Visitor: 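One structure, pasted below without further comment.
No experiment lies behind these values; they were computed from the predicted model shown. What you see below is based on every heavy atom in this structure, not just the backbone, and it leaves out hydrogens, waters and symmetry mates. First the proteins, then the strands, lettered A, B, ... as listed; each starts at 1.
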2 protein chains.
Amino acid sequence: MAEPMYRQIAEILRGRIESGEIPPGAQLPTEIELMDQYNASRNTVRDAIKLLTTRGLVEARAGQGTFVVEKINPFVTTLTGELGANVNESQVYVAEILKGGRTPTVSEVRVEIQQASEVVADVLRLEPGAQLVSRHQQRFIDGIPWSMQTTFYPMSLIERGATKLLQATNIHPGTVAYLGEACGIKQVGYRDSIAVRTPDENEMRFFKLPADGRVPVFEIFRVGYSQDGERFRLTTTVYPADRNRFLIKVGEVPPRDVAAE
Amino acid sequence: MAEPMYRQIAEILRGRIESGEIPPGAQLPTEIELMDQYNASRNTVRDAIKLLTTRGLVEARAGQGTFVVEKINPFVTTLTGELGANVNESQVYVAEILKGGRTPTVSEVRVEIQQASEVVADVLRLEPGAQLVSRHQQRFIDGIPWSMQTTFYPMSLIERGATKLLQATNIHPGTVAYLGEACGIKQVGYRDSIAVRTPDENEMRFFKLPADGRVPVFEIFRVGYSQDGERFRLTTTVYPADRNRFLIKVGEVPPRDVAAE
DNA sequence: GCAAATTTGTTCGTATGTATT
DNA sequence: CAATACATACGAACAAATTTG
């Protein structure tokens with residue numbers, strides 16, 4: 001009796017799922033049936049199911065039953081892309097998605113003028129409270145919420161001529177290219193920082209994530225560097241961890257063909 | 001009454017935590033106290049706390065109380081490193097860690113001969129069931145379990161002269177460099193694939209993760225390519241998501257100084 | 001080192017609400 | 001509307017872990 005009963009039941013069910021006895025998409029026995037099968041109270045059975053839910057193995061639907069979750073064919077994003085001022089990051093990912101036979105869409109751009117928070121000011125080497133332009137966009141693949149992105153630009157870029165940053169529309173052919181034209185800033189490099197955390201309320205709502213916060217999100221910070229070594233933008237993108245994967249290519253890498261690994 | 005009571009209580013507690021009223025490391029009111037404060041049964045209070053636990057906000061310790069979790073100063077790993085056969089990936093990360101004033105240690109190497117699973121065979125372009133050498137190692141920082149790594153090499157590399165791959169010790173100055181010497185394979189590129197998933201039992205034990213699986217792990221697949229475009233290794237590394245972060249540098253990026261962002 | 005007090009963990013029973021078919 | 005299945009909520013008892021005296 002080392003292990004509490006609800007964990008034993010969870011383990012047995014996990015075995016039945018992983019062995020394929022209860023395949024993805026199939027319904028588990030109802031709580032009443034499990035009470036009989038394992039001679040436990042309904043609360044204990046529910047504790048077992050909750051454990052499997054937190055682990056992402058099953059999903060309960062009120063009025064229907066509890067079902068084994070089906071693996072999602074993940075969206076793949078390549079983080080080591082082209083640098084040049086001539087390429088739009090948006091275009092790169094759009095091309096990548098279209099290649100996979102999926103359809104990307106994006107929301108309108110929401111532009112705001114903000115004071116730099118401590119974190120943003122620190123990353124962009126500004127005074128806390130410095131004026132910023134933030135451009136926010138939501139992105140979908142096949143209608144499924146895919147990512148939320150916000151880019152912060154120092155207000156000084158506007159003064160240096162990049163007035164279109166204030167436009168609440170997409171900037172063609174790309175914001176990075178536009179900055180090159182408008183004020184001579186060329187992106188010669190960027191640094192990404194990848195972490196995983198639990199979603200906030202906003203993100204849970206947008207991505208339709210379960211309220212218990214069991215699905216984490218990727219948070220990727222991208223800092224862009226100009227030819228002068230200046231940090232001219234900070235882009236933060238959030239992706240739900242249950243349907244995204246990232247690729248990094250270093251050196252000479254043959255093109256990816258199928259859905260390798 | 002749109003929101004159930006246990007969520008309302010959880011929301012209130014979240015507010016008290018995020019406002020700083022209950023700072024990181026501090027103890028929440030006991031379950032009995034919360035019963036009084038919010039006029040709910042103990043089970044309802046416990047449901048509220050469970051929600052915050054799944055979200056990673058608090059942590060309950062039997063016999064002590066429930067505490068606000070303290071943020072961990074994360075380990076940072078750079079994924080875009082040096083390629084050359086002259087550099088050991090292990091050395092790179094060791095240097096990076098030492099620079100942060102931390103102490104890395106590694107376990108012995110466990111060497112096994114295995115048949116390629118379907119996934120591994122697919123990635124390395126081998127027949128399923130082909131013979132493989134797997135080299136497994138566990139790594140720690142300041143004594144904390146940090147990552148588990150397994151690298152798979154096609155057995156053909158042994159026949160081509162890389163017999164040291166069978167040695168159950170670290171290969172100096174590095175396995176990639178050794179493959180260059182022993183059979184002329186130079187790594188000209190690699191591809192990483194990053195995903196997040198729930199840990200298996202092994203990983204939960206090694207990383208001392210909570211049994212409910214609320215802390216996910218990063219899983220990074222790295223495929224190495226030789227000068228002939230051959231996929232000569234597959235390295236899979238698993239890191240707990242609650243104490244790791246990854247960096248990617250593209251183009252010209254100034255060196256990182258402090259603990260930026 | 002032991003015993004008591006405190007606090008969370010597990011398990012049961014029961015009742016009622018809500019979502020779906 | 002009825003039946004089914006999960007969701008919420010209360011009460012109660014005992015177990016296990018930890019701290020304190």
Side-chain angles (χ1 to χ4, degrees), chain A residues 1-14 16-17 22 25-69 204 208-214, chain B residues 1-14 17 22 25-69 204 208-215:
Chain A
M1 286 302 168
E3 284 289 279
M5 195 188 304
Y6 77 97
R7 284 199 208 171
Q8 294 182 35
I9 296 175
E11 276 309 293
I12 295 170
L13 287 174
R14 190 176 62 83
R16 291 175 65 180
I17 290 168
I22 313 176
Q27 184 178 1
L28 256 63
T30 66
E31 293 175 351
I32 309 286
E33 289 168 337
L34 290 172
M35 284 172 69
D36 294 341
Q37 287 181 31
Y38 300 110
N39 202 23
S41 77
R42 178 151 175 249
N43 280 327
T44 302
V45 165
R46 280 179 61 75
D47 280 347
I49 289 174
K50 180 162 290 182
L51 201 59
L52 299 177
T53 303
T54 303
R55 292 185 184 170
L57 230 63
V58 305
E59 179 186 26
R61 299 176 207 146
Q64 298 183 63
T66 305
F67 299 83
V68 181
V69 299
M204 291 194 297
K208 301 190 205 310
L209 298 177
D212 60 8
R214 66 175 180 269
Chain B
M1 288 300 167
E3 284 289 280
M5 194 187 307
Y6 77 98
R7 283 198 209 171
Q8 293 182 35
I9 296 174
E11 277 309 295
I12 295 171
L13 287 174
R14 190 176 62 82
I17 290 168
I22 314 176
Q27 183 176 2
L28 256 63
T30 66
E31 293 174 353
I32 309 286
E33 288 168 338
L34 290 172
M35 284 172 68
D36 294 341
Q37 287 181 30
Y38 300 111
N39 203 21
S41 76
R42 182 163 169 236
N43 280 326
T44 301
V45 165
R46 281 178 61 76
D47 280 347
I49 289 174
K50 181 163 289 178
L51 201 60
L52 299 177
T53 303
T54 303
R55 292 186 184 171
L57 229 63
V58 304
E59 179 187 27
R61 301 180 207 141
Q64 296 185 65
T66 305
F67 300 82
V68 180
V69 299
M204 290 194 299
K208 303 190 203 312
L209 298 177
D212 59 9
R214 67 177 180 267
V215 177

Visitor: For the pair made of NZ in B/Lys50 and C1' in D/dT8, what is the distance, rounded to whole Å?
Guide: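 Distance check: B/Lys50 NZ to D/dT8 C1' gives 14 Å.
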Visitor: Find the distance A/Leu34:CG to D/dT4:P and express it as a whole number of Å.
Guide: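 Rounded to the whole Å, the gap is 17 Å.
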Visitor: Only distances under 3.5 Å count here; give the side-chain donor-acceptor pairs of residues 27-34 of chain A to other protein atoms, sequence neighbours excluded, each with its distance to 0.1 Å.
Guide:
unit_1	atom_1	unit_2	atom_2	d
A/Gln27	NE2	A/Gln64	O	3.2
A/Thr30	OG1	A/Glu33	N	3.3
A/Glu31	OE1	A/Arg42	NE	2.5
A/Glu31	OE1	A/Arg42	NH2	2.7
A/Glu31	OE2	A/Arg46	NH1	2.7
A/Glu33	OE1	A/Thr30	N	2.8

Visitor: Taking side-chain hydrogen bond (donor to acceptor under 3.5 Å, both in side chains) as the definition, give me every residue that meets it alongside B/Arg14, ordered by chain and number, with sequence neighbours left out.
Guide: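 Per chain and number, B/Arg14 pairs via side-chain hydrogen bond (donor to acceptor under 3.5 Å, both in side chains) with A/Glu201, B/Glu11, B/Glu18.
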Visitor: Rounding to an integer number of Å, can you tell me how far B/Asp47 CG sits from C/dT11 P?
Guide: 16 Å
Visitor: Going by the rule side-chain hydrogen bond (donor to acceptor under 3.5 Å, both in side chains), which residues pair with A/Tyr38 if we only count those two or more places apart in sequence or in a different chain?
Guide: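 Only A/Arg16 meet the side-chain hydrogen bond (donor to acceptor under 3.5 Å, both in side chains) criterion with A/Tyr38.
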Visitor: Would you list the protein and nucleotides 4-8 of chain C atom pairs, both N or O, that sit under 3.5 Å from each other?
Guide:
unit_1	atom_1	unit_2	atom_2	d
C/dT7	O2	B/Gly63	N	3.3
C/dT8	OP2	B/Glu31	N	3.0

Visitor: Is any side-chain nitrogen or oxygen of B/Ser41 closer than 4.0 Å to OP1 or OP2 of D/dA9?
Guide: no
Visitor: Excluding sequence neighbours, so at least two apart, what forms side chain to side chain contact (heavy atoms under 4.5 Å, CB included) with A/Ala60?
Guide: A/Thr66
Visitor: Using atom CG of A/Asp212 as one end and atom P of D/dC6 as the other, report the distance to the nearest whole Å.
Guide: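 Going from CG in A/Asp212 over to P in D/dC6 covers 17 Å.
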Visitor: Tell me: OH of A/Tyr38 to P of C/dC12, nearest whole Å?
Guide: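 Atom-to-atom, A/Tyr38 to C/dC12, this comes out as 15 Å.
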Visitor: What integer distance in Å separates B/Arg7:CZ from D/dA9:P?
Guide: 9 Å
Visitor: Apply side-chain hydrogen bond (donor to acceptor under 3.5 Å, both in side chains) to A/Asp47 and list each qualifying residue two or more places apart in sequence or on a separate chain.
Guide: none
Visitor: Would you kindly give the CG-to-P distance between A/Asn43 and D/dC10, to the nearest whole Å?
Guide: 13 Å
Visitor: What integer distance in Å separates B/Asn39:CG from D/dT8:C1'?
Guide: 16 Å
Visitor: Indicate whether OP1 or OP2 belonging to C/dC12 is found under 4.0 Å from a side-chain N or O atom of A/Thr44.
Guide: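 Yes, A/Thr44 has a side-chain N/O under 4.0 Å of OP1/OP2 on C/dC12.
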Visitor: Indicate yes or no for a side-chain donor-acceptor contact from A/Arg214 to the backbone of A/Leu209 under 3.5 Å, with no hydrogens or angles considered.
Guide: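 No, the answer is negative, given that no donor and acceptor are paired below the 3.5 Å cut-off.
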